[in-house]
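Structure record follows, encoded as C-alpha cells.
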2 protein chains.
Amino acid sequence: MTAASPARASFVRAPDARRQSLIEACAAGLAVRGVAGLSVRSICADAGVSPGLLRHYFAGIDALVAATYGHVGEQVSAALAAAVAEAGASPRARLHAYVTASFRPPIAAPELLATWLAFWSLVKTDPEIARLHGEIYAAYRVELEQLLADAGVAAADIRLAAIAVTALVDGLWLELSLDAQVFTAAEAGAMAERWLAAWLPPSA
Amino acid sequence: MTAASPARASFVRAPDARRQSLIEACAAGLAVRGVAGLSVRSICADAGVSPGLLRHYFAGIDALVAATYGHVGEQVSAALAAAVAEAGASPRARLHAYVTASFRPPIAAPELLATWLAFWSLVKTDPEIARLHGEIYAAYRVELEQLLADAGVAAADIRLAAIAVTALVDGLWLELSLDAQVFTAAEAGAMAERWLAAWLPPSA
DNA sequence: GACCACGTTATACGATCGTATAACAAGGGT
DNA sequence: ACCCTTGTTATACGATCGTATAACGTGGTC
C-alpha cells in the first residue's frame, strides 16, 4: 500500500460541522423521502460521512430526528422573529407579519411539509418529540398572544384567539403545501386578515 | 402426516372479506405504528393471513395503502353525511353539523391522526395518493360550498369561505389530535362558529 | 520525532424488509 | 368419485435495515 494509494479515504476533522451536516441531511432527507424513506445510510451519504458516524454523534436515528426537529423549530422561530422585526412598530403590522410569514418562504417551503409531517407522526410514539412539540407550539402561541394583546384583542378573548389563529394558519399552510393549485399565498393572507378582524375590536 | 395433524393450517375461502381485512389491518397498523412502522408482515399478521396474500390482492404494499386511503375517506364522508342528515332541515344547522363533525368521534379519533399523516406524507411521492387527496379534499369543499350557499354566504365569497373554513377545521382537528390538553372539542366548535359568522350575513 | 486521544472510515452482524414461488386445500362442476 | 380452478399457507430469496466494532488517520502536546 503506497502513499499514493491510501487504504481508505483521507479526512479532515470537523466535529461541530459534521454533527450539523448530519442534522441538515436528516432534514433534507425527510423532505425528499418522507419518514418511510429515511435511513442511516441515506442520511450519512447525503452528509458525506460514513454510516458509523451517526451513532457516534447521536444515540440512534431517532435521536437524530429529535435533534433535527429542534433545529427546524429554531429556524422557523427565527424567520418569524425577522418578519416581525421588519414590520416596524405598529402592533397591527407586527401581528399581520407574524401571521402571514407562514405563507411565504422560508416557512412555506416544500421541504418543510414532510419534515413537520414526520415530526407529527412521532408525537404519539416518542416522548422527546412530544415534549419538543409542546414547547414549539406553546412558544408560537405565547408570542401570538402578546401580539394579539398589543393589537387590542380583548383580554378575555386572547387565549382562544391565539389558538384559533394558530389553527387557521396551520390549516392554510398545510393545504398550501399539499396542493398549491387550490389557492394562492396572497389569498391565504387575506383569509388570515379576515380571521384576525373577527377577533380585533373595530378600528377607529 | 395423519388427518388429525394437518401439514398446514386449514382455512376457509373468503376473498371479499380477506381483501377487506387487509385494508382494515392497514388502517389500524398506520394508526398504531405510523408509516415508518408499517410492514407486509405486521399488516398480514393483524389481518390473520399469511404474508404472501398481500401480493395476491394488491400490486404491493403501496397499492394497499392507496386502497386504505380510499376506504378511510369513504368512512369520513359517511360520518359527515350522517351528521348533516341528523341536523334536520335548517341550512345553518346543517352547516354547523358538517363543520363540527370533525371535532367528535368517529372523525376525531386518535387512530385517524396517524392515518392522515401517513397519507399526507405520501402525497408528494405517490401520484395515486396525490390524486385521491385531490378528490377527497375537493369533495369536502364542494359539499361545504353548497351548505355555505344554502346558509346565505354571498356568492362572491363562497370559494374563499369554503377554503378558509376547511383550513380552520383541519388546523383545529390536527391540534386536538396532537395534544388534547390545549383546548376542548366544545371550544373548537365555538371557534368554528365564530369563523362561520365572519362569512355569513348578519341574521335577522 | 514520538505519543496519544479521538474523530473517522470501512465493514460485519443479526434482523427485517418486500416480493416471488411452490405446494396444497377448498369448493364447484361434471 | 374425479378433475380443475383458485384462494391460501408456508417459505425462500436478495436487498436493506440499525447497530456494533476494528482499524486507522488527524492533529495536538511534549
Side-chain angles (χ1 to χ4, degrees), chain A residues 1-26 29-30 32-68 118 122 125-126 128, chain B residues 1-23 25-26 29-30 32-68 118 122 125-126 128-129:
Chain A
M1 202 64 67
T2 69
S5 170
R8 71 179 188 174
S10 66
F11 60 89
V12 176
R13 292 177 176 209
D16 288 344
R18 210 76 82 201
R19 189 175 191 278
Q20 187 62 21
S21 69
L22 282 170
I23 288 171
E24 278 159 18
C26 183
L30 281 168
V32 173
R33 299 183 204 94
V35 63
L38 199 65
S39 71
V40 169
R41 285 171 177 81
S42 66
I43 293 165
C44 293
D46 290 346
V49 302
S50 65
L53 212 55
L54 192 145
R55 277 282 286 163
H56 176 75
Y57 284 104
F58 301 95
I61 187 166
D62 290 343
L64 172 57
V65 170
T68 306
L122 294 171
T125 57
D126 184 328
E128 175 65 12
Chain B
M1 205 62 73
T2 68
S5 174
R8 72 176 187 176
S10 65
F11 61 89
V12 177
R13 292 179 174 204
D16 288 344
R18 210 76 82 202
R19 188 176 190 276
Q20 186 62 21
S21 69
L22 282 170
I23 287 170
C26 182
L30 279 168
V32 173
R33 301 180 202 97
V35 66
L38 200 64
S39 70
V40 169
R41 287 172 177 80
S42 65
I43 292 166
C44 292
D46 291 346
V49 302
S50 66
L53 213 57
L54 190 146
R55 277 282 284 163
H56 173 77
Y57 284 104
F58 301 95
I61 186 166
D62 290 343
L64 173 57
V65 170
T68 306
L122 295 170
T125 58
D126 183 328
E128 177 62 13
I129 300 276

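Every value quoted in this text rests on a predicted model; they were computed, and no experiment measured them.
Here Tyr57(A) lies in heavy-atom contact (under 4.0 Å) with sugar-phosphate atoms only. Contacts of Leu38(A) with the nucleic acid, taken as non-hydrogen atoms under 4.0 Å apart, involve only primed sugar atoms and P, OP1 or OP2.
The CZ atom of Arg41(A) sits 16 Å away from the P atom of dA15(C) (whole-angstrom rounding). Separating the CZ atom of Phe11(B) from the C1' atom of dA25(C) is a distance of 4 Å, rounded to the nearest angstrom. To the nearest angstrom, C1' of dT19(D) lies 14 Å from CG of Leu64(A). Note: CG (Leu53(A)) to P (dA22(D)) measures 17 Å, nearest angstrom. One interatomic measurement links the two molecules: NE2 of His56(A) to P of dC6(C), which rounds to 10 Å at whole-angstrom precision. Here the C1' atom of nucleotide dT16(D) and the CD1 atom of Ile61(A) are 13 Å apart, to the nearest Å. Counting to the nearest Å, the C1' atom of dT19(D) and the CG atom of Leu54(A) are 10 Å from each other. Here the P atom of nucleotide dT16(C) and the CD1 atom of Ile43(B) are 17 Å apart, to the nearest Å.
Screening residues 33-51 of chain A for salt bridge (Lys or Arg N to Asp or Glu O under 4.0 Å), with sequence neighbours left out, gives Arg33(A)-Asp46(A).
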* Going through the checks in order, is the side-chain contact (heavy atoms from CB on, under 4.5 Å) test met by Leu22(B) and Arg19(B)? -> CA-CA 5 Å; Leu22(B) 282 170; Arg19(B) 188 176 190 276; 5.7 Å; no
* Decide yes or no on side-chain contact (heavy atoms from CB on, under 4.5 Å) for Ile23(B) and Phe58(B), but give the supporting numbers first. => CA-CA 10 Å; Ile23(B) 287 170; Phe58(B) 301 95; 3.9 Å; yes
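Under 3.5 Å, the side chain of Arg8(A) and the base of dG25(D) form no donor-acceptor pair of N or O atoms. For Arg13(A) against dT8(C), a side-chain-to-base donor-acceptor contact under 3.5 Å is absent.
The shortest distance between the side-chain N/O atoms of Ser39(B) and the OP1/OP2 oxygens of dC17(C) is below 4.0 Å.
Closest approach of Ala66(B) and Ile129(B) over heavy atoms only: CA-CD1, 3.7 Å.
Within a heavy-atom distance below 4.0 Å of DNA chain C, the residues of residues 15-25 of chain A found are Pro15(A), Arg18(A).
When Leu64(B), Leu53(B), Ile61(B) are each tested for a side-chain contact (heavy atoms from CB on, under 4.5 Å) with Val40(B), only one passes: Ile61(B).
The nucleotide whose nearest atom lies closest to any side-chain atom of Val40(B) is, among dG18(C), dG27(D), dT11(C), dG18(C).
Considering only residues two or more places apart in sequence or on other chains, Glu128(B) meets the salt bridge (Lys or Arg N to Asp or Glu O under 4.0 Å) condition with Arg131(B).
The residue among Gly37(A) and Gly52(A) whose nearest nucleotide of DNA chain D lies closer to the 5′ end is Gly37(A).
Looking only at distances, no side-chain donor or acceptor of Ser42(A) sits under 3.5 Å from a matching main-chain atom of Leu38(A).
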